[in-house]
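All remarks here apply to the structure that follows.
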Amino acid sequence: MNKKIVIISSLILFLDQLVKSIVEINEVHFNLIANFLKFNYSQNTGAAFSILQGKIHFLILISVIMLIIIYSMTFSYEESKISNCAFGLLFGGILGNLVDRIFYGFVRDFIDINILGYNFPIFNIADITIVVGVMLLILATIKGEVKNGNKGKRFRRENKN
């Protein structure tokens, strides 16, 4: 794995754990933007949208498996700003929530958004970086940064003639 991915994931992990600790220690509950954004400390023993509540060992296993899969995917993409950022965000976010599950038995969430009366599930910085990382990985794929993908096939065909 290249240094840029390690640096990005380390920064994300540090920032995620720092903010979660500050929010937890101060038991933060306040409106940032009325009727839209609040910080509301919560402990989630499940995954996204509170699915798999109480299945902490299973969620730890899934996180480790995902880290292995994503690590293996790094070899399938050309090194670029987009793919480095995508993998760094994914590793940092998954590790942030994994650390919570291992050391606390739950994930510390605190960002609470309400849009047009719909109250989204509470989330954290790690969750944001995972979502953005997936979107960047999709973008890298669309841009043809996958090794031996469409670019590679087209190149081989052109050279056969």
(request) Nearest 0.5 Å please: distance from the NZ atom of Lys55 over to the OG1 atom of Thr45. (result) 10.0 Å
(message) If only side-chain N and O atoms count, and only distance matters, is there a donor-acceptor pair under 3.5 Å linking Asn44 with Asp100?
(response) no
(request) For Arg101 and Gly46, work out which heavy atoms get closest and say how close. (result) NH2-O, 3.2 Å
(request) Identify whether Val107 and Met66 are in the same connected component of the hydrophobic contact network (ILVMFWY, side-chain heavy atoms under 4.5 Å). (result) no
(request) Scan Ile8, Leu13, Val6 and name whichever one has a side chain to side chain contact (heavy atoms under 4.5 Å, CB included) with Ser10. (result) Val6
(request) Would you give the length of the straight line joining atom CD1 of Ile125 to atom CD of Gln17, rounded to the nearest 0.5 angstrom? (result) 10.0 Å
(request) May I ask whether Ile7 and Ile130 are part of the same hydrophobic cluster, defined by side-chain heavy atoms of I, L, V, M, F, W, Y residues being less than 4.5 angstrom apart, directly or through others? (result) no
(message) Any non-hydrogen side-chain atom of Tyr77 less than 4.5 Å from a side-chain atom of Thr141?
(response) yes
(message) With clusters defined by side-chain heavy atoms of hydrophobic residues (ILVMFWY) lying less than 4.5 Å apart, directly or transitively, does Leu37 cluster with Val19?
(response) yes
(message) Please tell me whether Leu52 and Ile94 are part of a single hydrophobic cluster in this structure, the criterion being side-chain heavy atoms less than 4.5 Å apart.
(response) yes
(request) Measure the CE-CD1 distance between Met135 and Ile138 for me, rounded to the nearest 0.5 Å. (result) 8.5 Å
(message) Contact between Phe36 and Ile115 at the side-chain level, heavy atoms closer than 4.5 Å - yes or no?
(response) yes
(request) Examine Leu139 and Leu90 and state if one hydrophobic cluster contains both, with Ile, Leu, Val, Met, Phe, Trp and Tyr joined whenever side-chain heavy atoms are less than 4.5 Å apart. (result) yes
(request) With the side chain counted from C-beta on, respond yes when Phe123 and Val131 share a heavy-atom pair under 4.5 Å apart, and no when they do not. (result) no
(request) Taking all non-hydrogen atoms of both residues into account, name the closest pair between Leu136 and Ile82 and its distance. (result) O-CG2, 3.3 Å
(request) To the nearest 0.5 Å, tell me how far Glu145 CD sits from Glu79 CD. (result) 10.5 Å
(message) For the CG atom of Leu11 and the OG1 atom of Thr129, what is their distance to the nearest 0.5 Å?
(response) 11.5 Å
(request) Give a yes or no on this: more than 12 heavy atoms of other residues, nucleotides or ligands lie within 6.0 Å of atom CG of Asn35. (result) no
(request) Would you check if Ile111 and Ile128 make a side-chain contact, meaning some heavy-atom pair closer than 4.5 Å? (result) yes
(request) Kindly say whether Ile5 contributes a backbone atom to a donor-acceptor pair with the side chain of Asn2 at under 3.5 angstrom? (result) yes
(request) Locate the shortest heavy-atom distance separating Ala126 from Lys20; write the atom from each residue and the value. (result) CB-NZ, 4.3 Å
(request) If the plane angle is over 60° it's perpendicular, under 30° parallel, otherwise tilted; pick one for Tyr71 and Phe75. (result) perpendicular
(request) Determine the interplanar angle of the Phe120 and Tyr118 rings, folded into 0 to 90°, and report it as parallel if under 30°, tilted if 30 to 60°, perpendicular if over 60°. (result) perpendicular
(request) Decide whether Asn124 and Asp109 meet the rule of one side-chain donor and one side-chain acceptor closer than 3.5 Å. (result) yes
(request) Might you point out which heavy atoms bring Glu78 and Ser83 nearest each other, and give the distance in Å? (result) O-OG, 2.8 Å
(request) Would you check if the side chain of Asp16 reaches a backbone N or O of Ile12 as a donor-acceptor pair within less than 3.5 Å? (result) no
(message) Looking at every non-hydrogen atom in both residues, tell me the closest pair between Ala86 and Leu137 and how far apart they are.
(response) CB-N, 3.7 Å
(request) State whether the side chain of Asn26 and the backbone N or O of Val28 hold a donor-acceptor pair below 3.5 Å, judged by distance alone. (result) no
(message) Apply side chain to side chain donor-acceptor pair (under 3.5 Å) to residues Asn84 and Lys3 and explain how you reach the verdict.
(response) CA-CA 9 Å; Asn84 287 342; Lys3 235 190 310 188; over 6 Å; no
(request) Could you grab the distance from atom CG of Leu89 to atom CD1 of Ile70, nearest 0.5 Å is fine? (result) 11.0 Å
(message) Measuring only between side-chain heavy atoms, which start at C-beta, is Glu24 closer than 4.5 Å to Tyr104?
(response) yes
(request) List the atom of Ser63, the atom of Leu98, and the distance in Å for their closest heavy-atom pair. (result) CB-CD1, 3.8 Å
(message) Do Thr74 and Phe91 have side chains that approach each other closer than 4.5 Å (heavy atoms only, starting at C-beta)?
(response) yes
(request) Would you confirm whether the ring centroid of Phe39 sits within less than 6.0 angstrom of the ring centroid of Phe30? (result) yes
